[in-house]
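Below is one structure; the comments refer to it alone.
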Protein chains: 2
Amino acid sequence: MKMDARKRARCETRAVVLKALAHPTRLFMIEVLAEKSYCVCELTEMVGLDISTVSKHLSILKNAGLVHVEKKGKQVFYSLRMRCALNFLDCVEAVLREQAQDLMDAIK
Amino acid sequence: MKMDARKRARCETRAVVLKALAHPTRLFMIEVLAEKSYCVCELTEMVGLDISTVSKHLSILKNAGLVHVEKKGKQVFYSLRMRCALNFLDCVEAVLREQAQDLMDAIK
DNA sequence: TTCATATTTGGTAGAATAACCAAATATTGA
DNA sequence: TCAATATTTGGTTATTCTACCAAATATGAA
């Protein structure tokens with residue numbers, strides 16, 4: 001099974017979604033947004049980075065289809081759109097646990 | 001819920017696993033390795049990049065704990081270790097389908 | 001040991017990312 | 001309209017990533 005142009009395009013599309021998740025700050029925000037929606041300034045306060053940086057991170061999540069955006073007055077609220085991203089993260093946890101176990105096994 | 005040092009570290013660890021998945025070539029190989037294990041030269045043939053590039057991609061997957069490595073004679077075989085990475089990808093598909101649907105809705 | 005094959009590692013150049021600051025835009029209220 | 005607040009966008013710099021080539025390493029066969 002070769003990676004022809006079609007398969008490559010398909011993988012590139014998927015990679016956009018995964019890349020959106022693959023950043024500490026964005027992961028953190030995904031977790032936070034799993035509870036409820038927050039506006040940019042609230043997220044900025046939690047994250048502790050410049051608001052322009054946070055805004056750009058959020059736009060990456062938006063472009064990937066991971067969050068939903070709603071404007072209310074002067075504020076813009078983001079919420080988690082794809083709940084299955086959370087299962088996602090559980091899977092990552094499983095990977096990490098297994099890695100840790102391997103390390104333990106290697107030591108003893 | 002602020003992103004303190006501990007939370008940041010936690011997110012960074014998770015991000016390593018996600019980053020490993022977040023590349024078209026590596027995604028492709030994950031899919032291929034879901035069927036059965038392959039050696040580096042077979043994967044290189046499928047992927048169509050330089051073998052050194054493929055080797056580096058594989059080492060990223062290995063470091064993230066996503067694949068298992070087994071040496072047989074002159075060849076090195078890689079296999080998918082975390083099957084749940086596939087559910088992962090199903091979730092990504094769901095995201096993409098929903099995005100496509102939104103586009104359709106926006107047009108009509 | 002020597003050769004051939006398979007893989008990894010080191011080096012390098014170009015592309016992509018992420019952080020900040022400053023400026024632009026949008027919205028509400030005076 | 002003007003001022004204040006919330007957010008986004010543009011610009012810049014430093015870092016990281018990715019692809020290739022060349023060289024090093026490992027293994028099995030002659």
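As a basis for the values below, the full set of heavy atoms in this structure was taken, side chains included, without hydrogen atoms, waters or symmetry mates. In what follows, chains carry the letters A, B, and so on, assigned in the order in which the sequence lines appear, proteins first and then strands, with residues in each chain numbered from 1. Small disclaimer: the values here were computed from a predicted structure and weren't measured.
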Review point. When you match A:Ile51 and B:Val54 each to their closest nucleotide on DNA chain C, which lands nearer the 5' end?
Key: B:Val54
Point to revise | Non-hydrogen side-chain atoms of A:Val95 and B:Met82 separated by less than 4.5 Å | key: yes
Review point. Can you tell me if A:Ser55 uses its side chain to pair, donor with acceptor, with the backbone of A:Ile51 under 3.5 Å?
Key: no
Practice item. Kindly determine whether A:Glu31 and B:Lys7 satisfy side chain to side chain contact (heavy atoms under 4.5 Å, CB included), including the steps that lead there. Key: CA-CA 11 Å; A:Glu31 265 187 276; B:Lys7 281 199 198 305; over 6 Å; no
Check your understanding: Where the side chain of A:Arg14 meets the backbone of B:Glu93, is there a donor-acceptor pair that is under 3.5 Å apart?
Key -> no
Check your understanding: With no hydrogens and no angle check, is any side-chain donor or acceptor of A:Gln99 less than 3.5 Å from a backbone partner on B:Asn63?
Key -> yes
Check your understanding: Hey, can you pull the residues of residues 55-75 of chain A with a non-hydrogen atom under 4.0 angstrom from DNA chain D?
Key -> A:Ser55, A:Lys56, A:Lys74, A:Gln75
Review point. Is the backbone of B:Ala20 close enough, under 3.5 Å, to the side chain of B:Arg26 for a donor and an acceptor to pair up by distance?
Key: yes
**Study point:** Toward the 5' end of DNA chain D, by each residue's nearest nucleotide, A:Tyr78 or B:Ala22
**Key:** A:Tyr78
Check your understanding: Nearest to the side chain of A:Cys41, which nucleotide is it out of C:dT7, D:dC17, D:dT7?
Key -> D:dT7
Review point. Axis-to-axis angle across the helix from C:dT1-D:dA30 to C:dA30-D:dT1, five pairs an end, to 10 degrees?
Key: 20°
Check your understanding: Taking DNA chain C as the partner, which of residues 3-13 of chain A come within under 4.0 angstrom of it by heavy atom?
Key -> none
Review point. Under 3.5 Å, side chain of A:Glu42 to main-chain N/O of A:Cys39, donor-acceptor pair present?
Key: yes
Review point. A:Leu27 CG to C:dA18 C1': how many Å, rounded?
Key: 15 Å
Study note, to complete from the structure: Checking C:dT8, D:dT7, C:dC20 against the side chain of A:Thr53 (C-beta onward), the nearest is C:dC20
Exercise for review: Would you please confirm or rule out a distance under 4.0 Å between OP1 or OP2 of C:dA6 and any side-chain N or O of B:Tyr38?
Suggested key: no
Check your understanding: Would you say B:His23 reaches D:dT18's phosphate, i.e. side-chain N/O to OP1/OP2 under 4.0 Å?
Key -> yes
Practice item. For residues B:Phe28 and B:Ile30, determine if any side-chain heavy atom of one lies less than 4.5 Å from a side-chain heavy atom of the other. Key: no
Review point. Between C:dG10 atom P and B:Asp50 atom CG, what is the distance in whole Å?
Key: 16 Å
Check your understanding: What does B:Phe77 touch in the nucleic acid at a heavy-atom separation under 4.0 angstrom: a base, only the sugar-phosphate, or nothing?
Key -> nothing
Revision key, fill the gap. Judged by nearest nucleotide, the residue sitting upstream toward the 5' end of DNA chain C, A:Lys19 or A:Ser52, is A:Lys19
Exercise for review: Grab the two heavy atoms, one from B:Cys91 and one from A:Ala85, that are nearest each other, plus how far apart they are.
Suggested key: SG-N, 3.7 Å
Practice item. Determine the interplanar angle of the B:His57 and B:His23 rings, folded into 0 to 90°, and report it as parallel if under 30°, tilted if 30 to 60°, perpendicular if over 60°. Key: tilted
Exercise for review: Flag the pair A:Arg81 and B:Asp102 as a salt bridge only when some basic side-chain nitrogen lies within less than 4.0 angstrom of an acidic carboxylate oxygen.
Suggested key: yes
